Enquirer: 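The structure under discussion is supplied below as structure tokens; questions concerning it will follow.
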Number of protein chains: 2
Amino acid sequence: MTGQVRTVDGRVAGRRGQETRQKLLDCLREMLSTSPYRDVKVIDVARMAGTSPATFYQYFPDVEGAVLEIAEEMAEDSVELKELLDGKSWVGKTGFTTSEDLVDGFLAFWRKNDAILRVVTLGAAEGDKRFFKIRMKVLNSVAGPLGEAIKANQAKTDKSVDPAALSGSLVSLLASAAEHSKAFTAWGVKVKDLKPNLALQVYLGVTGKKPPK
Amino acid sequence: MTGQVRTVDGRVAGRRGQETRQKLLDCLREMLSTSPYRDVKVIDVARMAGTSPATFYQYFPDVEGAVLEIAEEMAEDSVELKELLDGKSWVGKTGFTTSEDLVDGFLAFWRKNDAILRVVTLGAAEGDKRFFKIRMKVLNSVAGPLGEAIKANQAKTDKSVDPAALSGSLVSLLASAAEHSKAFTAWGVKVKDLKPNLALQVYLGVTGKKPPK
DNA sequence: ACGGTAAGCTGACGGCATGACAGGACAAGT
DNA sequence: ACTTGTCCTGTCATGCCGTCAGCTTACCGT
């Protein structure tokens, strides 16, 4: 389904080629997490990979193209986030644990991929449809199931909030907290306290009730 | 208080110099809103301003330096956001209006400055202290007063949520919604419905109650 | 084993952005 | 007109970008 990996000029990549390509991607990933996006240069990536800029351009049209590749890989991984909600209960104490696990898992995922997600977020904000789509895929892996959970709970305790809007808000909040956790620290919220606070808000959003002691 | 405007090599800028400098800043602002941050080049800004790259480097060390200048200007403007909360009531129908006005004003501010805020957000996420500080100044102009309001209301209806964490979450949510309103659209939330939804969440966060009909 | 074919890599090059400098243009005061 | 200090730009060295021709390497059929 992925089709064959191809070079920019149309040749199919063999074993060695794919290795080189992967090495370039790895090095780019590394560069992204150590220097500002604006300063990431093809020549640096190539140097780090022990190859030449010309080789880079064989496999990717430009830096952005390679970044998209990494981002798509990450978006694939994001399906694992669905498991944080799949078949979980929102009732009583177990419900709050569900909420805590969700927050935990989401923050961990974001932290693991924070460099690439930063770039994806920027691209999306700048209106680039490709980055926007990737960002939505990641967020939807949580927003989808979460919206379902909210809708299911509203069936019991009818409230007048649009489930889509609410789950979207909650996921946006999680993303924002993950990307800018330092802001919360500056507001006097200790890292340790951040997670419970987020979990509380998620629980409140889904069930509409205070969590059991 | 700003001190005198100076060129990179230490001369003080006169009338004409300041005009040129301002023109460069305006053009940079324009460029930022029309092309990806990564692709903004000194030469383009200079060309647009009808001057030469050398002139640009006379007033700014690099693109980032000039961007910081614009960002600081914007951060100054952000004090106007405080007025959205100063002395406002959170009681009953008036309270919900306060919430609506806050959301309205915040989104408007963000939209007006979205290009520069995008870059500030990126810089902050990348760990740049200067951008982080600017972003905090903007967010604090709302988070501060909002936190006060929350604390004041908790005095009556005691709840166990940290006011700082809650106001931080709400402001983060607003920022996220402003920056990625398209995401909400993709979730089926119409632009028209987004504001009331956000206002509702802010109101809920502050008062802990559903708004009066 | 051998030659053919396609994959893989790089040196080299024109083009453009960066950033520094010195010198010329300009305005203002004397 | 002359001086002084501000302001702008032409020019230059440097370095990255993006492309290409051409060389080397691996694979495959006979």
Side-chain angles (χ1 to χ4, degrees), chain A residues 2-28 30-32 34-70 119 123, chain B residues 2-32 34-70 119 123 128:
Chain A
T2 350
Q4 262 170 321
V5 179
R6 288 187 175 273
T7 58
V8 168
D9 55 334
R11 289 203 309 276
V12 300
R15 202 207 80 240
R16 193 153 71 111
Q18 299 213 15
E19 272 174 23
T20 308
R21 204 183 113 102
Q22 193 55 49
K23 192 172 209 172
L24 284 167
L25 285 177
D26 291 343
C27 291
L28 174 55
E30 167 83 17
M31 293 287 321
L32 284 176
T34 54
S35 34
Y37 181 45
R38 199 168 196 283
D39 298 339
V40 171
K41 308 287 181 196
V42 169
I43 199 170
D44 297 322
V45 177
R47 257 201 285 263
M48 184 182 294
T51 179
S52 79
T55 302
F56 181 95
Y57 286 107
Q58 266 210 333
Y59 296 105
F60 312 103
D62 49 27
V63 171
E64 207 187 55
V67 165
L68 272 168
E69 201 79 13
I70 296 177
V119 180
Chain B
T2 351
Q4 260 171 322
V5 178
R6 288 186 175 272
T7 58
V8 168
D9 54 336
R11 286 202 316 276
V12 299
R15 200 207 82 240
R16 194 155 68 108
Q18 299 213 15
E19 273 175 22
T20 309
R21 203 183 113 102
Q22 193 56 50
K23 192 173 210 170
L24 284 167
L25 285 178
D26 292 344
C27 290
L28 174 54
R29 201 188 237 113
E30 167 83 17
M31 294 285 327
L32 283 176
T34 54
S35 34
Y37 181 45
R38 200 166 196 283
D39 298 340
V40 171
K41 307 287 180 198
V42 169
I43 198 168
D44 296 324
V45 177
R47 256 201 287 264
M48 185 182 292
T51 179
S52 78
T55 302
F56 181 95
Y57 285 108
Q58 204 148 60
Y59 296 105
F60 311 103
D62 49 28
V63 171
E64 207 188 55
V67 164
L68 270 168
E69 202 78 13
I70 297 177
V119 180
D128 188 305

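Order of the sequence lines sets the chain letters (A, B, ...), proteins ahead of strands, with each chain counted from 1. Quick caveat, the model's predicted, so the values are computed rather than measured.
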Enquirer: Considering only heavy atoms from C-beta outward, does the side chain of B/Val45 approach that of B/Lys41 to under 4.5 Å?
Expert: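 Not touching, per the 4.5 Å side-chain cut-off.
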Enquirer: Looking only at the side chain of A/Ala54 (C-beta and beyond, no hydrogens), which of the listed nucleotides D/dC8, C/dT10, D/dC17 gets closest?
Expert: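 Nucleotide nearest to A/Ala54's side chain: C/dT10.
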Enquirer: Check this one for me: any side-chain N or O of B/Thr55 less than 4.0 Å away from OP1 or OP2 of D/dC8?
Expert: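 Looking at the OP1 and OP2 atoms of D/dC8, neither is under 4.0 Å from any side-chain N or O of B/Thr55.
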Enquirer: Between P on C/dC16 and CZ on B/Phe56, what's the gap in Å once rounded to a whole number?
Expert: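 Value for this atom pair: 20 Å.
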Enquirer: Can you find a side chain N or O atom of B/Ser52 that sits less than 4.0 Å from OP1 or OP2 on D/dG10?
Expert: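 No, because none of the side-chain N or O atoms of B/Ser52 sits under 4.0 Å from OP1 or OP2 of D/dG10.
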Enquirer: Grab the CZ-P distance between B/Arg38 and D/dC17 for me, whole Å please.
Expert: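 These atoms are roughly 8 Å apart.
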Enquirer: Can you tell which of D/dT9, D/dC17, D/dC20 lies closest to the side chain of B/Thr51?
Expert: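 Between D/dT9, D/dC17, D/dC20, the one nearest the side chain of B/Thr51 would be D/dT9.
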Enquirer: Return the value, rounded to whole Å, for the distance between atom OH of B/Tyr57 and atom P of C/dA22.
Expert: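 After rounding, the gap between these two atoms is 19 Å.
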Enquirer: Take the protein atom CZ of A/Arg15 and the nucleotide atom C1' of D/dC28, then report the distance between them rounded to whole Å.
Expert: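 Going from A/Arg15 (CZ) to D/dC28 (C1'), I get 16 Å.
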Enquirer: In whole Å, I'd like the distance from the CG atom of A/Asp9 to the P atom of D/dA21.
Expert: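 Interatomic distance, CG of A/Asp9 to P of D/dA21: 11 Å.
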Enquirer: Heavy atoms only, 4.0 Å cut-off, all strands: where does A/Tyr59 land among base, sugar-phosphate and nothing?
Expert: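 Sugar-phosphate: the residue A/Tyr59, judged by heavy atoms under 4.0 Å, touches backbone atoms but no base.
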Enquirer: A/Tyr37 and A/Glu64: which non-hydrogen atoms are nearest, and at how many Å?
Expert: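 So the minimum-distance heavy-atom pair works out to OH-CG, 4.0 Å.
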Enquirer: Rounded to the nearest Å, what distance is computed from the CD1 atom of residue B/Ile43 to the P atom of nucleotide C/dT18?
Expert: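 My rounded result for the distance is 7 Å.
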Enquirer: For B/Leu24 and B/Phe56, which heavy atoms make the closest approach, and how far apart are they?
Expert: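 Looks like CD1-CA, 3.8 Å.
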Enquirer: Specify the separation, in whole Å, of atom CZ of A/Arg16 and atom C1' of D/dT25.
Expert: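 One finds 6 Å between C1' of D/dT25 and CZ of A/Arg16, rounded.
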Enquirer: Please report the distance, rounded to the nearest Å, between CG in B/Asp39 and P in C/dA17.
Expert: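 Interatomic distance, CG of B/Asp39 to P of C/dA17: 12 Å.
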Enquirer: Mind checking if A/Arg6 touches a base, just sugar-phosphate, or nothing, with heavy atoms under 4.0 Å?
Expert: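 Answer is nothing: A/Arg6 stays at 4.0 Å or more from every strand.
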Enquirer: D/dC17, C/dG8, C/dT18: which one has an atom nearest the side-chain heavy atoms of A/Lys41?
Expert: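 Within the option list, the nearest is D/dC17.
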Enquirer: Do B/Met31 and B/Asp39 have side-chain heavy atoms sitting under 4.5 Å apart?
Expert: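 Side-chain contact under 4.5 Å: no.
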Enquirer: Looking only at heavy atoms, what is the nearest atom pair of A/Ala66 and A/Leu28, with distance?
Expert: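 In this case the closest contact between A/Ala66 and A/Leu28 is CB-CD2, 3.4 Å.
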